[in-house]
Amino acid sequence: MAVKASGFIGKSAISVHLDFSSFPVKFSCFKQFSVSTPKPLVVLSVALSPPARTVESPPVGYRKNVGICLVGPCRKIFTASKIHIPDTWQMPQGGADEGEDLRNAAFRELREETGVTSAEFIAEIPNWLTYDFPREVKEKLNRKWRTSYKGQAQKWFLFKFTGKEEEINLLGDGTAKPEFKVWSWMLPEQVIEHAVYFKRPVYEHVIKQFNPYFVDEENDSMNSSKD
């Protein structure tokens with residue numbers, strides 16, 4: 001696993017990148033608008049959790065939240081590790097303001113947490129996905145937010161990264177406190193495997209729902225050769 005770091009700590013841009021490309025399996029690449037019959041997602045070395053809870057609207061007692069699945073080259077997903085919680089990897093996410101358009105909220109959170117503005121909207125999951133906070137996490141976050149949330153209700157969006165890696169800046173756009181200390185492009189299976197346990201059911205559902213937008217590279221090449 002290679003590590004690539006660039007930038008300066010402080011007010012200048014910083015981008016610390018871990019390379020997980022040595023994962024010894026061949027997977028697919030991302031292709032927009034070429035959606036064939038969905039193929040089942042193969043999850044490696046991950047014990048499946050109970051299914052994520054889906055609801056039509058955020059339940060009472062849950063914080064309204066947006067999640068961002070940012071896909072780059074070869075079916076890999078932007079994933080980052082939290083600053084104050086070692087070895088905790090996640091996709092970007094954040095709270096939505098009252099009355100804020102949720103897709104706009106997703107773009108805003110992506111920009112605030114990663115500095116990325118070169119992103120193209122692809123799809124969204126129609127229902128909300130919820131997860132509960134473990135007791136120690138719930139107590140800590142509710143003290144911080146001065147709230148009494150049980151967990152989060154999330155609306156998930158899929159974006160395609162259209163920029164260059166130099167754009168990624170873990171200090172974000174300077175409007176919010178930095179969330180992450182290091183980032184990587186991960187395969188969908190790795191995203192699930194590295195997710196904290198109480199978010200894993202949601203991540204499994206998100207990856208499964210967006211799976212039709214991942215085209216099998218080998219089969220796609222074979223089909224192209226037949227044309």
Side-chain angles (χ1 to χ4, degrees), residues 41 43 46 48-71 77-85 88-114 116 119-142 144-161 172 176-177 179-180 183 186 188-214:
L41 177 68
V43 180
V46 179
L48 291 178
S49 308
R53 289 173 297 175
T54 63
V55 292
E56 293 185 359
S57 59
V60 175
Y62 286 77
R63 179 176 180 249
K64 188 184 295 185
N65 193 275
V66 291
I68 301 98
C69 182
L70 180 68
V71 183
I77 298 168
F78 179 91
T79 315
S81 179
K82 301 282 285 184
I83 290 177
H84 302 298
I85 311 176
T88 299
W89 292 80
Q90 67 177 53
M91 292 181 278
Q93 66 176 55
D97 297 330
E98 189 66 32
E100 184 178 19
D101 178 84
L102 294 176
R103 189 188 300 182
N104 290 341
F107 270 115
R108 174 183 55 75
E109 285 293 336
L110 180 64
R111 183 185 68 250
E112 289 178 357
E113 294 189 353
T114 71
V116 169
E120 180 181 350
F121 170 76
I122 302 297
E124 69 177 270
I125 296 176
N127 291 329
W128 293 80
L129 306 177
T130 68
Y131 66 83
D132 291 340
F133 295 132
R135 184 179 65 179
E136 64 277 10
V137 174
K138 179 169 63 176
E139 292 175 353
K140 179 180 179 180
L141 290 179
N142 282 323
K144 176 182 177 182
W145 296 334
R146 298 181 181 179
T147 56
S148 57
Y149 291 124
K150 302 174 184 177
Q152 303 211 84
Q154 296 184 311
K155 178 62 71 75
W156 277 87
F157 297 85
L158 175 65
F159 296 112
K160 180 182 178 180
F161 181 57
K177 188 176 180 180
E179 294 278 346
F180 302 121
W183 67 273
M186 288 189 183
E189 293 79 4
Q190 294 172 311
V191 174
I192 297 171
E193 187 172 13
H194 286 81
V196 67
Y197 71 94
F198 58 90
K199 293 183 181 180
R200 189 168 293 171
V202 167
Y203 275 33
E204 289 170 352
H205 188 87
V206 168
I207 297 299
K208 182 178 180 181
Q209 291 296 305
F210 289 148
N211 191 44
Y213 296 90
F214 298 100

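Numbers for residues simply follow the sequence, beginning at 1.
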Considering all heavy atoms, the nearest [X]-[Y] contact:
X: Phe180; Y: Lys82; value: CE2-CD, 3.8 Å
X: Glu113; Y: Gln93; value: OE2-O, 2.6 Å
X: Glu204; Y: Ile192; value: CG-CG2, 3.6 Å
X: Ala52; Y: Pro201; value: CB-O, 3.4 Å
X: Asn142; Y: Ser148; value: OD1-N, 3.4 Å
X: Lys64; Y: Pro58; value: CE-CG, 4.2 Å

What distance separates [X] [atom1] from [Y] [atom2], expressed to the nearest 0.5 Å?
X: Met91; Y: Lys199; atom1: CE; atom2: NZ; value: 9.5 Å
X: Thr114; Y: Glu179; atom1: OG1; atom2: CD; value: 11.5 Å
X: Tyr213; Y: Ile122; atom1: OH; atom2: CD1; value: 8.0 Å
X: Asn127; Y: Gln209; atom1: CG; atom2: CD; value: 8.5 Å
X: Leu102; Y: Trp128; atom1: CG; atom2: CH2; value: 4.5 Å
X: Tyr62; Y: Phe133; atom1: OH; atom2: CZ; value: 9.5 Å

Subject >> Residues, nucleotides or ligands: over 12 heavy atoms within 6.0 Å of Glu56 CD >> reply: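 No, CD of Glu56 has 12 or fewer neighbouring heavy atoms, counting only those of other groups under 6.0 Å.
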Original post:
Is there a side chain to side chain contact (heavy atoms under 4.5 Å, CB included) between Val191 and Tyr203 once you walk through the steps?
Top reply: CA-CA 8 Å; Val191 174; Tyr203 275 33; 3.7 Å; yes
**OP:** Under the side chain to side chain contact (heavy atoms under 4.5 Å, CB included) rule, what do Val202 and Trp156 come out as? Steps first, then yes or no, please.
**Re:** CA-CA 10 Å; Val202 167; Trp156 277 87; 3.5 Å; yes
Original post:
Counting only N and O atoms by type, is there a donor-acceptor contact under 3.5 Å from the side chain of Asp97 to the main-chain atoms of Glu100?
Top reply: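 Here the side-chain-to-backbone pair does not exist.
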**OP:** Answer yes or no: is there a donor N or O on one side and an acceptor on the other, between the side chain of Asn65 and the main chain of Gly94, under 3.5 Å?
**Re:**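 Such a contact is found between Asn65 side chain and Gly94 backbone.
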**OP:** Give the intermediate values and the outcome of side chain to side chain contact (heavy atoms under 4.5 Å, CB included) for residues Glu109 and Ile68.
**Re:** CA-CA 8 Å; Glu109 285 293 336; Ile68 301 98; 3.9 Å; yes
Subject >> Side-chain heavy-atom pair Val116, Phe159 within 4.5 angstrom cut-off >> reply: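 Contact flag for Val116/Phe159 side chains = no.
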Subject >> Close side-chain approach of Gln154 to Tyr131, heavy-atom, < 4.5 Å >> reply: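 When only atoms from C-beta onward are counted, Tyr131 and Gln154 do touch, with a gap below 4.5 Å.
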**OP:** Report the C-alpha distance between Lys208 and His205 in whole Å, list the side-chain angles of each, state the deciding distance to 0.1 Å, and finish with yes or no for side chain to side chain contact (heavy atoms under 4.5 Å, CB included).
**Re:** CA-CA 5 Å; Lys208 182 178 180 181; His205 188 87; 5.7 Å; no
Original post:
When the aromatic ring centroids of Phe107 and Phe157 are compared, is their separation below 6.0 Å?
Top reply: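 No, they do not, as the ring centres are separated by 6.0 Å or more.
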